[in-house]
Every structure is written in structure tokens, then in C-alpha cells.
There are 2 protein chains.
Amino acid sequence: MKARSQRPEEQHLTEQLGATGLRLTPQRQQVYDVLLQKRDHPTAEEVFMRAKKAMPEISHATVYNCLDALVKSGLARQVTVERGATRFCPNMTDHGHFHCRACGTIYDVGLPRELPFVSLPPGFAPECHEVTIHGLCGECARQK
Amino acid sequence: MKARSQRPEEQHLTEQLGATGLRLTPQRQQVYDVLLQKRDHPTAEEVFMRAKKAMPEISHATVYNCLDALVKSGLARQVTVERGATRFCPNMTDHGHFHCRACGTIYDVGLPRELPFVSLPPGFAPECHEVTIHGLCGECARQK
DNA sequence: CTAGGTGCAAAAGGTTTGCGGTTAA
DNA sequence: TTAACCGCAAACCTTTTGCACCTAG
């Protein structure tokens with residue numbers, strides 16, 4: 001096929017995926033775009049529906065595959081704050097999540113710099129962490 | 001029916017549930033016992049199967065109901081570390097979880113005293129938090 | 001008497017799998 | 001050419017729901 005010049009973000013995607021032995025495909029690009037466009041921590045199903053608008057033939061299996069590929073390559077995080085569906089988040093900075101139990105919204109919250117706040121048994125190799133606060137967001141707390 | 005004297009733990013259960021407007025039933029007691037007997041963070045399905053041994057007629061719906069009742073009353077926590085099944089934990093002390101991505105085991109890990117380590121937007125009302133570290137446990141890290 | 005709780009069975013929702021076909025390296 | 005990836009559809013697993021019955025308060 002003919003050589004194609006890449007936009008900078010595409011290049012970043014290609015590199016990150018490549019470093020994990022994965023290819024950049026139109027579907028992976030599309031799924032990543034969906035995550036970037038509306039950073040509301042969509043479920044896999046929501047990602048599927050949004051991606052389907054731009055790419056009607058995309059399938060469930062492919063969306064899961066793409067999401068997993070992005071997670072493996074360090075381009076997105078899996079967020080598990082509740083029973084049922086898993087959510088995804090392209091914000092790779094060190095942050096936690098506030099989950100409102102009334103409206104279900106998930107907010108990114110900052111974390112302090114010093115994160116080795118836990119002492120693990122010797123030999124354990126931590127790779128990443130997830131911090132979730134459950135409660136009521138400002139709006140829901142007021143209405144209660 | 002005839003008045004029944006309660007063991008201390010039963011009394012505690014009754015009180016905690018009662019404070020949330022819930023009753024102590026044999027099924028809730030059984031589910032709670034299951035959680036206490038083997039603190040390996042079982043999934044709802046695992047709780048169901050273990051409870052079924054002692055109480056063969058117990059149903060799925062009831063196990064979910066009981067687990068939710070225990071969580072609402074502050075007797076157990078829901079633990080969501082991975083895609084798929086939700087897990088449960090009767091350890092109500094402030095602690096986090098280490099999740100080994102190789103063997104799947106979940107270890108309780110201590111957290112430092114100072115936990116309001118996150119600054120939330122004004123008006124937000126936090127109720128509880130969940131800290132999960134993902135990585136490889138000692139054994140799996142060695143084998144790799 | 002009534003609200004809360006249970007068991008059953010079915011439905012709903014989320015995720016994975018198997019397979020034939022396609023495409024990039 | 002070959003390994004990686006895709007779409008489709010079915011399978012699988014987890015969780016919820018509706019309903020009839022029961023029981024504690």
C-alpha cells in the first residue's frame with residue numbers, strides 16, 4: 001500500500017502499540033478517538049455504540065480487543081468502580097476517581113505526589129494502582 | 001415464636017442490620033458466616049456455592065440480597081478489582097488490596113493512617129474508598 | 001395486617017470464544 | 001507467506017427482575 005504520513009497523535013499511537021508488539025489499526029484508532037472525545041469514563045458498551053457511529057461495521061469483539069490493546073500499551077486504563085460494566089479512561093496521569101452513588105458520575109481527582117503509600121510484602125511487584133472514593137457528588141449531596 | 005438468646009456475634013449482626021432498617025435472617029447470617037470463614041475475597045457466585053452447602057435451598061437472588069444488606073449495614077465491602085465478577089470482603093478495617101494479575105489472588109494490604117489524601121471539590125461527601133494495587137505477587141514475580 | 005424477605009425461574013446485561021476471511025509486515 | 005486482526009454470532013457468565021408464598025413485627 002502507499003506510504004501514509006501520520007499526524008503526531010497517530011504516530012504516538014503507533015509507537016505505544018508497537019512497543020507492545022501490537023499494530024495500529026483503523027479500529028484501534030477509532031476506539032482511542034472515542035475515549036479522547038468524551039472523557040466521561042464510558043463503559044465498553046458505550047464505547048462500542050459511539051465507535052459504531054463513525055464505523056458502523058465495528059463489532060463488540062473488536063471493541064474489547066481494541067480496549068485491551070490500548071490498556072496493554074499504556075494508552076488507557078480500565079476503571080472498575082461498580083458492579084456490572086467496566087469503564088475506560090484515557091487519562092494516564094496519576095489520578096483517582098470519585099464515584100457518586102446517586103447519579104453514577106465518575107470524576108477524576110488528583111492524588112498526592114507520594115504514592116508509595118502502601119508497604120507490600122517483599123518480592124511483590126506493583127505495576128499500577130487504582131484509587132476510588134465512593135460517596136455523593138456536590139449536586140447530589142445538596143439534593144438529599 | 002419463642003424468644004431466642006443470641007450469641008454475641010449474632011447480636012452484633014442484629015444491631016448493625018437493624019440500624020439500617022434490615023432484619024437478621026438465617027440466610028443473612030449464613031452468608032456472613034461464609035465471608036468470615038474463608039477470607040479469600042470470594043465472588044458472589046462463590047459465596048452462593050459455599051452457602052448452599054450449609055443451606056441447600058438458598059437462591060442466587062437471596063445471596064445477592066444478603067450481600068447487599070451486609071454492605072449497606074457496614075458489615076462487608078464490595079471489592080471490584082477486575083472485569084467480571086464482584087468480590088466481597090468482611091474486613092472493615094481500613095485497608096487496600098493487592099491484585100496479582102497472574103494468579104488472581106487478592107491480598108489485603110495496610111494503608112497509612114492519613115487517608116484523606118485526596119482533595120475533593122467543595123460539597124462532595126465521601127463515604128468510603130477503595131485502593132487497589134495491580135501487579136505480580138511474590139510467587140508469580142519469581143516464576144516469571 | 002403489612003412490609004420485608006425468600007425461592008424460583010426467566011430475563012437482561014456484560015464479556016468471551018470460535019471460526020472463516022482479510023490485511024499488514 | 002504468515003501472523004495479527006477483523007466481523008459475526010453464539011456461548012457463557014454475572015446480575016437483576018417478577019411473582020407467589022411466607023413470616024416477623
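In what follows, every heavy atom counts, from backbone to side chain, and hydrogens, waters and symmetry copies are set aside. Chain A is the first sequence line, chain B the second, and so forth, proteins listed ahead of strands; every chain is numbered from 1. As the structure is a computational prediction, the values presented were derived from the model and not from experiment.
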What residues form a side chain to side chain donor-acceptor pair (under 3.5 Å) with T86(B), not counting sequence neighbours?
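With neighbours one apart ignored, the set is empty.
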
Given DNA chain C, 5'-ward residue of the pair V63(B) and T43(A), judged by closest heavy atom:
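Residue closer to the 5' terminus by nearest nucleotide: V63(B).
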
Position toward the 5' end of DNA chain C (nearest nucleotide), H60(B) or A44(A)
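Final value for this comparison: H60(B).
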
Just the rounded figure in Å: distance from [atom2] of [N] to [atom1] of [X].
{"X": "L17(A)", "N": "dA24(C)", "atom1": "CG", "atom2": "C1'", "value": "14 Å"}
{"X": "D68(A)", "N": "dT17(C)", "atom1": "CG", "atom2": "P", "value": "11 Å"}
{"X": "L67(B)", "N": "dT6(C)", "atom1": "CG", "atom2": "C1'", "value": "15 Å"}
{"X": "R83(B)", "N": "dC12(D)", "atom1": "CZ", "atom2": "P", "value": "19 Å"}
{"X": "R87(B)", "N": "dC13(D)", "atom1": "CZ", "atom2": "C1'", "value": "13 Å"}
{"X": "Q78(A)", "N": "dT15(C)", "atom1": "CD", "atom2": "P", "value": "8 Å"}

State plainly whether the residues [X] and [Y] are in salt-bridge range, i.e. N to O under 4.0 Å.
{"X": "R50(A)", "Y": "D33(A)", "result": "no"}
{"X": "R101(A)", "Y": "E82(A)", "result": "no"}
{"X": "R77(B)", "Y": "E130(B)", "result": "no"}

Distance-only donor-acceptor check, side chains H60(A) and E45(A), under 3.5 Å:
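Yes.
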
Could you encode protein contacts along nucleotides 1-6 of chain D as a string, one character per nucleotide from 5' to 3', using B for base contact, S for sugar-phosphate-only contact and - for no contact, with a heavy-atom cut-off of under 4.0 Å?
--BBSS

H97(A)-H41(A) aromatic ring centre distance below 6.0 Å
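Distance test on ring centres: under 6.0 Å, yes.
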
So what does A61(A) hit on the nucleic acid, given a heavy-atom distance under 4.0 Å: a base, only sugar-phosphate, or nothing?
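Base contact.
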
Would you mind classifying the nucleic acid contact of T86(A) as base, sugar-phosphate or nothing, using non-hydrogen atoms under 4.0 angstrom?
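Sugar-phosphate contact only.
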
Shortest non-hydrogen contact from C137(B) toward C103(B)
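Looks like SG-SG, 3.9 Å.
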
Counting just side-chain N and O atoms, does Y64(A) come under 4.0 Å of either OP1 or OP2 of dT15(C)?
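Answer is yes, contact under 4.0 Å.
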
